[in-house]
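Report on the following structure.
By convention in this document, chain letters (A, B, ...) are assigned in the order of the sequence lines, proteins followed by strands, and residues within each chain are numbered from 1.
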Amino acid sequence: MPRPYDPKAIEAKWTKRWLKEKTYEPNFLRAKRPFYNLMMFPYPSAEGLHIGSVRTFSGVDIYGRFKRMQGHDVFEPMGLDGFGIHSENYALKVGKHPADLAKVTAKNFYRQLSEIGNGFAWDERLETYDPKYYRWTQWIFVQMFKRGLAYRRKQAVNWCPSCKTVLADEQVISGECERCGTAVVKKDLEQWFFRITEYADRLLKNIDALNWSEKIKIAQKNWIGKSEGVEIKFSLEKIPGQKDGAHSVTVFTTRPDTLFGATFLVISPELADQWMHVGWRAPEKVRRYVAAALKRRIGEPAAGDRAKTGVDAGFVAVNPATGARIPVWVSDYVLAGYGTGAIMAVPAHDQRDYEFAKQFGLEIVSVIDPVTGTPQENPREKKKIVAFVEDGDAVLTVQWGPELGGRLLIGGTVEDGEDPAATARREIAEETGYTDVELIERAPETVHHRYFAPSKGIAFHAAVTVLRFRLNNKKRNAQKLEENERGKFVVEWVPKSQALREVTDPLHRYALAKYGEGMVYDGPGVLARSGKFTGMPSEEAKWAVAEAVGGTRVARYRLRDWLLSRQRYWGPPIPMIYCDACARANKGERADMPGWYAVPERELPVKLPQVKEFRPTGIGVSPLASVRSFYEARCPACNAKARRETDVSDTFLDSAWYFLRYPSVREAKRPWHSAITKKWLPVASYIGGAEHAVLHLLYARFLTMVFHDWGMVDFEEPFATFRAHGLITKDGAKMSKSKGNIVNPDEYFRQYGADTMRTYLAFLAPLEQGGDFRDEGIRGITRFLERVWKFYDGAQFSARSDNAVARAAHRAADKVGRDIEALQYNTAISALMVLLNEFERRPDAVGRREAMRFLQLLAPFAPFIAEELWDRLSGKGSIHCSRWPEVDPRFLKDETVQIAVQINGKVRDHIALAPDTGAVDARKAALALPKVREMLGANEPKKFVYVPGRIINIVI
RNA sequence: GCCGAGGUGGCGGAACUGGCAUACGCGCAGGACUUAGAAUCCUGUCCCGCAAGGGUUGUGGGUUCGACUCCCACCCUCGGCACCA
């Protein structure tokens with residue numbers, strides 16, 4: 001008796017059953033093949049789960065279910081990243097207390113999460129705002145303090161005027177607050193930092209070995225931003241009231257080879273400010289400039305486009321290479337937080353220095369000549385003549401190799417967009433009369449040359465592609481070449497876009513007028529005007545020059561320390577106490593931080609008090625600063641009246657270690673269980689958003705590395721593999737509140753059921769790609785699952801399948817398995833559809849084994865319907881714990897294959913051949929085809945290409 | 001500007017290592033069933049052409065018996081970084 005497919009009923013039934021039987025709870029200590037299948041836990045907001053998150057979560061679950069069926073003990077936990085600005089801002093908006101709101105949103109989230117059909121290990125759920133959790137977040141902070149990795153310092157920091165708190169560098173996106181999009185400003189505040197820079201080099205080095213999405217690895221590398229260079233000391237003179245040479249300044253440069261061209265020196269306003277504090281009596285205009293620069297907002301005027309400003313400091317520095325006295329300037333184009341906060345300026349070879357020099361009329365000396373080799377070393381150079389074509393977009397020169405007598409043949413133009421090789425070939429053919437001009441070599445790298453254009457009287461530097469040709473065939477046209485001149489051509493192609501980089505002095509004006517102001521040559525070359533280093537290649541000169549002036553090699557990083565304090569309410573209070581008495585006596589837990597003590601571990605957690613007034617104050621302190629019962633404390637050392645730290649820590653600290661806690665949530669005495677951690681971590685598979693490339697993913701790596709160094713875990717990297725999922729659009733447009741096109745998962749899951757929605761979301765596109773959500777598209781999946789239901793409902797399967805059906809089933813199992821492993825669920829589902837089509841075409845040929853096999857393949861995507869039908873076919877136990885079907889390779893091969901027969905590359909016919917047919921037989925069969933005979937006539941084919949099992953191509 | 005990803009039918013997307021471009025699905029058109037519609041089923045559906053045939057993977061070129069795939073140049077879209085010396 002046919003029953004209609006009723007997803008609601010079977011979902012309810014199996015959800016209950018799975019929970020009761022703890023189908024998805026691993027045994028942490030006894031598991032044989034642990035597989036930690038992790039997704040980024042959400043920060044709950046009142047809007048509920050985003051459809052994009054649902055897609056990711058169910059996508060991760062598909063993978064987890066597959067792994068479970070492969071015999072792994074899969075652990076798939078879920079929790080809430082509920083502390084933090086995001087949740088708090090929402091609470092502010094609706095005028096509710098974040099703690100109250102958290103209860104409501106948690107309930108809503110867990111309800112939604114339980115309806116998407118995931119095999120979550122619910123017993124291990126966690127919430128970051130739970131004191132049982134943040135006790136350990138605080139404990140981590142205490143350890144960081146005790147071991148010198150947490151420190152407090154006053155400096156210019158990012159401040160979000162809307163969120164009224166400071167932010168880490170990583171949380172400023174293009175000058176705006178990561179949370180609310182408000183333009184971030186600079187503020188001078190004393191704050192807590194984590195010394196992540198100490199790990200910069202290791203964080204960088206480990207990246208290569210990580211099995212992560214490539215773009216995330218690159219983003220992290222760029223963010224850490226290692227530059228290798230040299231620190232050079234410049235001694236200072238003519239500082240009013242100071243002896244010459246009494247002071248010096250150290251600059252960082254990656255181009256010590258340009259030292260001879262350093263015509264002035266620039267220090268950052270912050271450094272100038274520091275100097276003024278230690279006694280530099282700066283001129284009034286310098287003071288004014290520094291004060292203004294320090295106040296300036298970042299992010300407001302587009303940093304790179306802004307005209308350079310600056311002021312002469314009024315004293316000079318000695319260039320250690322030339323001995324020249326060069327002026328020292330103060331300018332905000334030099335950043336305080338990078339290098340030493342001071343630079344040597346080489347206006348001839350650095351774009352920014354050039355702009356600054358132009359602005360203030362400073363000297364420009366060119367010391368790098370972008371010429372490879374000197375004319376003497378390279379006899380070709382003399383014989384080269386360049387045709388300079390004014391209207392063309394490029395210059396083509398063709399020259400004889402010197403061994404051929406060095407006669408100029410041709411010159412011509414190459415338009416941008418044209419291939420140099422093809423153009424050169426054509427030109428050569430025209431000029432020489434040779435018809436077969438073969439490209440035999442293309443230089444792998446672009447070479448720099450200096451050219452001289454006689455017609456214009458200018459010299460210019462060019463990036464050149466070198467091509468070599470050989471003339472093979474006999475000439476057909478008028479003979480322009482002597483027979484003995486046959487040989488190789490060297491063709492150098494110069495695209496205009498790369499052509500001009502810099503012009504040497506006598507022709508400076510002309511070239512700048514022609515090619516535009518402000519182009520600077522910053523590439524490698526040969527040193528000029530550099531004393532005894534003149535003529536040395538710049539790469540080599542880097543270290544030679546550095547050594548000659550006593551420079552030290554150093555590596556510098558773009559990465560800054562992690563600013564951890566937040567002047568907000570909804571987070572774990574930073575567990576520190578400040579004692580005024582101890583500070584005055586210069587005592588403290590750490591010598592470098594008088595007055596500061598960590599809260600004793602037995603007193604953790606420092607509970608976040610439930611207060612009425614939790615709004616951010618906006619004056620640089622947390623709302624907790626006005627809660628006396630909270631901040632009043634006793635000094636752990638001297639028991640005097642002391643004050644608690646009232647800032648809370650960054651949300652990203654909460655999430656930087658949660659994966660360590662999940663398997664150990666029941667631990668009360670330590671943050672994680674060591675044996676369980678050893679067994680289950682690092683995380684086997686982690687999938688989440690690419691937006692966390694330099695946020696969560698970097699912080700988690702950092703902390704894990706720290707824990708490793710402390711002997712708390714035995715691995716350095718927390719996530720063995722990480723894949724970034726794509727973003728989902730609705731009807732081709734980005735989903736946003738303002739557009740009102742946000743998909744509410746609840747409605748869809750209610751209407752279609754979890755199986756349909758999961759399968760649909762998986763079918764959109766590969767998980768790592770985006771995907772476009774369209775309501776009409778769901779119908780396809782609805783139809784598919786209904787057809788599945790109908791096919792199985794009441795069906796009697798025979799004992800054995802027909803051979804072709806068995807083959808199709810094996811093939812599908814093979815493809816689905818490989819596709820799931822590659823997170824290409826869309827093609828896996830398409831394979832299932834193909835198999836179902838096959839089944840429906842010949843239902844009587846489908847045996848019970850194959851019928852069950854299909855359900856197993858479907859199970860990761862549509863776990864409920866698969867389980868229900870499996871149960872009715874009296875499969876043993878849960879389908880989700882059954883073994884993934886083995887693929888018999890014998891079934892993957894076909895006895896005969898239809899292969900295409902091409903004539904001159906066009907498909908003209910097909911022929912059925914066994915894949916192991918030999919070339920002779922294949923040829924015979926192909927040439928016997930009427931179509932081939934007709935086209936071939938009496939001729940023999942010029943060429944016969946046969947790729948067994950794939951294609952035949954006959955060239956006639 | 002720099003770094004990264006991508007560009008294939010009306011739409012989402014397939015195509016193993018260079019081997020029949022457009023699998024699978026949506027949509028659309030026609031038909032069957034039905035009093036009727038939804039549903040369901042069948043057929044067709046890259047473009048031009050009645051057909052034979054020709055053309056087609058952002059554009060232009062190259063390599064190859066053969067190119068969505070490799071090479072060169074360019075255009076466009078999306079994402080990240082952005083005075084990091």
Side-chain angles (χ1 to χ4, degrees), chain A residues 173-175 214-216 218-219 221-223 225 227 229 251-255 258 266 302-306 308 331-335 337-340 342-346 350-353 355-356 394 414-423 425 439 442 465 467 493 495 497 522 556-559 690-691 693-694 726-727 729 731-732 734 760 763-766 769-781 783-784 786-787 790 818 824 826-827 829-834 837 898-908 910 941-945 947 949-955:
Chain A
I173 315 289
S174 307
E214 205 54 34
K215 60 174 178 176
I216 305 292
I218 290 163
K221 276 187 191 171
N222 291 343
W223 187 260
S227 308
V251 304
F252 171 72
T253 178
T254 54
R255 292 296 301 272
T258 62
V266 191
D305 304 337
R306 202 167 70 207
K308 300 262 184 298
S331 172
D332 63 359
Y333 88 89
V334 173
L335 303 178
Y338 186 77
T340 60
I343 60 150
M344 63 178 217
V346 186
D350 182 281
Q351 191 63 37
R352 296 151 299 180
D353 298 345
E355 283 164 20
F356 193 80
V414 178
E415 300 295 327
D416 270 350
E418 216 175 333
D419 178 44
T423 309
R425 174 193 289 209
L439 175 66
R442 180 193 287 266
T465 307
L467 313 163
W493 179 72
S497 50
D522 56 6
R556 287 287 175 177
Y557 299 89
R558 192 187 165 285
L559 184 70
E691 69 274 15
V694 295
L727 294 178
T729 55
D731 301 321
K734 230 184 200 169
Y760 174 62
F763 188 58
L764 286 180
Q769 255 178 59
D772 190 42
F773 188 104
R774 278 171 197 267
D775 291 1
E776 315 91 71
I778 303 171
R779 296 171 49 92
I781 301 296
R783 282 180 193 145
F784 171 62
E786 262 165 9
R787 275 165 53 209
K790 236 161 65 193
R818 278 185 291 117
Q824 278 154 9
N826 55 335
T827 46
I829 292 163
S830 129
L832 287 169
M833 290 170 167
V834 171
N837 289 344
Q898 282 289 320
I899 72 172
V901 178
Q902 299 183 329
I903 296 174
N904 290 340
K906 278 201 192 333
V907 179
R908 296 295 174 177
H910 287 89
K942 266 198 203 142
K943 192 159 189 175
F944 186 87
V945 180
V947 182
R950 296 225 185 277
I951 206 156
I952 289 171
N953 191 12
I954 305 166
V955 186

Please give, in whole Å, the distance from B/U40 C1' to A/Phe784 CZ?
17 Å
Can you tell me the distance, in whole Å, between the CE atom of A/Met833 and the P atom of B/C24?
10 Å
Salt bridge (Lys or Arg N to Asp or Glu O under 4.0 Å) partners for A/Lys221, two or more places apart:
A/Asp208
With rounding to the nearest 0.5 Å, note down the distance linking CG in A/Leu559 to CG in A/Asn222.
12.5 Å
Please measure how far the C1' atom in B/G54 lies from the corresponding atom in B/G58, and state the result in whole Å.
22 Å
Stacked cation flag A/Lys308 on A/Tyr333, 6.0 angstrom / 45 deg
yes
Return the nucleotide paired to B/U56: Watson-Crick means purine N1 to pyrimidine N3 with N6-O4 or O6-N4, wobble means G-U with N1-O2 and O6-N3, both under 3.5 Å.
none
Beyond-backbone contact of A/Thr729 with A/Asp772, side-chain heavy atoms, under 4.5 angstrom:
yes
Can you name the atoms? Protein N/O to nucleotides 5-7 of chain B N/O, anything below 3.5 Å, with the distance.
none

Under 4.0 angstrom, heavy atoms only, what part of the nucleic acid is A/Lys221 near: base, sugar-phosphate, or nothing?
nothing
Side chains of A/Pro941 and A/Val955: closer than 4.5 Å at any heavy-atom pair?
no
Heavy-atom nearest nucleotide on RNA chain B for A/Lys943 versus A/Gly780: which residue maps closer to 5'?
A/Gly780
What's the shortest heavy-atom distance between A/Ala765 and A/Gly771, and which atoms?
CB-CA, 4.1 Å
Contact string for nucleotides 12-22 of chain B, one letter per nucleotide 5' to 3', B = base within protein heavy-atom range under 4.0 Å, S = sugar-phosphate only, - = neither, reads BSS-B--BB--
Against the side chain of A/Leu335, the closest entry in B/C24, B/A85, B/C65 is B/A85
When the distance from CG of A/Asp775 to P of B/C11 is rounded to whole Å, what number comes out?
19 Å
Watson-Crick or G-U counterpart of B/A67, or none if no pair lies under 3.5 Å
none
Verdict with supporting geometry, A/Thr253 and A/Val346, side chain to side chain contact (heavy atoms under 4.5 Å, CB included):
CA-CA 10 Å; A/Thr253 178; A/Val346 186; over 6 Å; no
Residues in ring pair (Phe, Tyr, Trp, His ring centres under 6.0 Å) with A/Phe763, at least two apart?
none
Report the glycosidic orientation of B/G9: syn if within 90° of 0, anti in every other case.
syn
With rounding to the nearest 0.5 Å, note down the distance linking OH in A/Tyr338 to CZ in A/Arg558.
9.5 Å
Can you check each nucleotide of nucleotides 76-81 of chain B against protein heavy atoms at under 4.0 Å and return B for base, S for sugar-phosphate only, - for none, in 5' to 3' order?
---S-S
What I'd like to find out is whether the side chain of A/Arg774 reaches to under 4.5 Å of the side chain of A/Asp731, using heavy atoms alone.
yes
For the CD1 atom of A/Ile954 and the CG atom of A/Asn904, what is their distance to the nearest 0.5 Å?
9.5 Å
How far does CZ of A/Arg556 sit from OG1 of A/Thr340, to the nearest 0.5 angstrom?
6.5 Å
Please tell me if A/Tyr333 has a side-chain N or O lying less than 4.0 Å from either OP1 or OP2 of B/A85.
no
Can you find a donor-acceptor pair, distance only, under 3.5 Å between A/Lys942 side chain and B/C65 base?
no
Give me the distance, rounded to whole Å, that separates B/G79 from B/A73 when you measure between the P atoms they each carry.
26 Å
Pairwise distance CZ(A/Arg783) to CE(A/Met833) - rounded to 0.5 angstrom
10.5 Å
So, taking the atom named CD in A/Gln769 and the one named CD in A/Gln824, what distance separates them when rounded to the nearest 0.5 Å?
8.5 Å
So which protein N/O to nucleotides 27-33 of chain B N/O distances come out below 3.5 Å?
{"unit_1": "B/G27", "atom_1": "OP1", "unit_2": "A/Arg779", "atom_2": "NE", "d": "3.0"}

Using Watson-Crick or G-U wobble geometry with both distances under 3.5 Å, which nucleotide pairs with B/G79?
B/C3
Would you indicate what A/Arg787 reaches in the nucleic acid, counting non-hydrogen atoms under 4.0 angstrom: base, sugar-phosphate, or nothing?
sugar-phosphate
Just N and O in the side chain of A/Arg908: are any of them under 4.0 Å from OP1 or OP2 of B/G54?
yes
